[in-house]
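See below for the structure under consideration.
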2 protein chains.
Amino acid sequence: MLGRATGASIEQGIGDDAAVLRSSGRLVWTVDSAVEGVHFDGRFMTLEDVGFRSFQAAVSDLAAMGARPVAALSALALPERFSDRDLTRLLRGQAEASRALGCPIVGGNFTRARELSIHTTALGSARSPVRRSGARAGDELWLFGDVGLAAAGLAALIRGRVRGAAFRRCIAAFRRPTARLEDGATLPGRAHAALDVSDGLAGDAGHLARASRVKVVISAELLARVLRPELVRAAASLDRTPLGFALFGGEDYALLAAGPAARRPNNAAG
Amino acid sequence: MLGRATGASIEQGIGDDAAVLRSSGRLVWTVDSAVEGVHFDGRFMTLEDVGFRSFQAAVSDLAAMGARPVAALSALALPERFSDRDLTRLLRGQAEASRALGCPIVGGNFTRARELSIHTTALGSARSPVRRSGARAGDELWLFGDVGLAAAGLAALIRGRVRGAAFRRCIAAFRRPTARLEDGATLPGRAHAALDVSDGLAGDAGHLARASRVKVVISAELLARVLRPELVRAAASLDRTPLGFALFGGEDYALLAAGPAARRPNNAAG
């Protein structure tokens with residue numbers, strides 16, 4: 001395979017006991033679950049959103065390792081009340097995310113259940129996967145993508161505040177997050193450690209610190225400078241602070257990395 | 001990698017955003033779900049059984065493709081009432097199956113949910129995966145492992161008939177099935193098509209027939225000859241027929257394959 005140190009291709013997709021891939025090199029492999037009433041609420045997003053978002057969340061773990069997506073399998077647990085039309089909507093959202101990320105769905109499983117849940121497993125390839133545990137004392141923290149918007153979007157939806165550009169931007173961030181594959185791809189060779197921000201910046205920075213056995217210091221002043229103006233406006237309208245959403249609100253799927261200042265990528269907020 | 005046409009090794013297990021594997025050659029990949037009230041009922045099996053059985057069921061898909069297991073990820077959705085002790089039991093059953101099958105659990109995901117469910121994704125390696133769709137007119141059908149026992153075991157449990165060697169054997173088949181990896185490994189180069197019998201022999205033979213666009217004929221006389229005496233005795237005590245359990249009862253995880261008579265493996269019932 002000239003010119004490709006890692007690679008993977010799909011030989012058999014949906015319809016057999018298992019999918020068949022051909023691969024060489026390092027594979028990065030994750031599974032992520034989205035459960036109704038825990039990860040999503042049908043009052044606040046469509047089934048297209050549910051499918052789209054659950055797929056992006058799974059692939060975000062590949063982005064955080066600096067991997068390129070290879071393929072995904074989707075296990076769906078569907079309640080009896082779930083109609084064919086509902087299923088079509090859910091699959092449409094998954095397919096949209098799958099196309100946008102270049103990560104084909106090559107198989108999966110359907111089962112009945114009392115509650116709706118989606119379990120997505122994704123494989124990626126990476127020459128040098130970036131782990132959580134490599135950060136060193138003296139490293140900078142780099143942030144790729146926005147934080148706080150998704151949490152502000154959910155807060156706006158709960159309070160019925162859906163009008164205006166700031167709320168609309170936050171609600172879109174909540175319903176339609178994006179796995180930051182291109183940012184992640186810049187990390188190998190630069191970052192010592194990385195993860196995706198799914199629980200909120202404070203919690204996830206703590207995960208990185210513990211895995212790397214370092215102390216992480218986030219400057220509120222520096223963080224405040226990179227927050228979206230829409231977040232600042234939405235937070236003000238909701239009587240909340242933008243830093244609160246950024247630090248303690250999750251599900252933006254930004255990437256947080258640690259590395260030496262000299263290697264900071266251009267696309268990062270340091 | 002001298003002397004290994006396919007191979008895989010694990011570089012990073014539990015604790016990061018994703019597991020990291022090194023692989024070369026063909027990979028076979030599956031996901032399988034076990035949902036409380038659909039696939040299992042806490043009245044009829046322990047949580048150790050639930051963990052064991054769900055893991056075997058997932059790996060059975062690899063066996064049916066003639067693959068060797070590489071690793072698995074486990075996504076668990078746990079209700080609030082689920083205690084740490086419950087979790088320990090479930091994980092113990094998974095670990096037992098994982099060890100028995102040589103398929104390490106290298107990561108996964110935990111989430112809250114209203115109902116208990118287990119979603120297992122497994123990767124295997126196979127030089128020449130055996131698909132459902134290759135059967136040809138004139139092929140024999142080969143059966144590896146017992147059919148009907150698990151369904152008879154469940155029927156016995158529902159009727160409270162748990163005493164006696166025949167029922168005990170059937171109940172054990174229901175609670176503790178085994179993915180037939182060694183039988184599956186004999187299939188590449190011999191079988192034209194294969195699958196695992198999870199829905200009952202009649203239904204799964206139909207799946208093979210449709211995928212291969214052939215007609216499948218199962219001789220009741222030949223099938224009756226390979227049924228376990230324990231199944232025959234249990235069926236009689238339950239006023240049911242052993243052939244009924246074998247044809248229409250599922251979850252034994254036997255393997256069904258089609259291939260030319262000259263290549264029939266010694267371990268198959270033809």
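To find a chain, count down the sequence lines: A is the first, B the second, and so on, and within it residues start at 1.
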Quiz item: With respect to chain A, which residue among H207(B), E115(B), H119(B) yields the maximal number of heavy-atom pairs within a distance under 4.5 Å?
Solution: E115(B)
Quiz item: Using a cut-off of under 4.5 Å for heavy-atom pairs, which of S117(B), A71(B), A77(B) has the most such pairs with chain A?
Solution: A71(B)
Quiz item: Based on non-hydrogen pairs under 4.5 Å, which of M65(B), E36(B), R131(B), R112(B) is most in contact with chain A?
Solution: R131(B)
Quiz item: What residue in A34(A), A113(A), A75(A), S74(A) has the most heavy-atom pairs under 4.5 Å with chain B?
Solution: A113(A)
Quiz prompt | chain B contacts, top residue of T111(A), V28(A), T121(A), V35(A) (heavy-atom pairs, under 4.5 Å) | solution = T121(A)
Quiz item: Checking heavy atoms, do the side chain of A194(A), its backbone, both or neither come under 4.5 Å from chain B?
Solution: backbone
Quiz item: Any chance the side chains of D86(A) and S83(A) put a donor and an acceptor closer than 3.5 Å?
Solution: yes
Quiz item: By a 4.5 Å heavy-atom criterion (distance strictly below it), what part of V20(A) contacts chain B: side chain, backbone, both, or neither?
Solution: both
Self-check item: Positive for side chain to side chain contact (heavy atoms under 4.5 Å, CB included) with F40(B), one of L116(B), D49(B), L47(B), L154(B)
Solution: L116(B)
Quiz item: Less than 4.5 Å apart, any side-chain heavy atom of C103(A) and any of F55(A)?
Solution: yes
Practice problem: With a 4.5 angstrom heavy-atom cut-off, could you sort out which part of L76(A) is near chain B: side chain, backbone, both or neither? | Solution: neither
Self-check item: Side-chain (R68(B)) to main-chain (G124(B)) donor-acceptor, under 3.5 angstrom
Solution: no
Exercise. Name all residues meeting the side chain to side chain donor-acceptor pair (under 3.5 Å) criterion together with D199(B); count only those two or more places apart in sequence or in a different chain, and write none if there are none.
Key: none
Quiz item: How would you list all residue pairs meeting salt bridge (Lys or Arg N to Asp or Glu O under 4.0 Å) that involve residues 247-257 of chain B, not counting sequence neighbours?
Solution: R53(B)-E251(B)
Quiz item: Of all of A72(A), S198(A), S60(A), which one pairs up most often with chain B through heavy atoms under 4.5 Å apart?
Solution: A72(A)
Practice problem: Find out whether Y253(A) and T178(A) are in side-chain contact, i.e. whether some heavy atom of one side chain is under 4.5 Å from a heavy atom of the other. | Solution: no
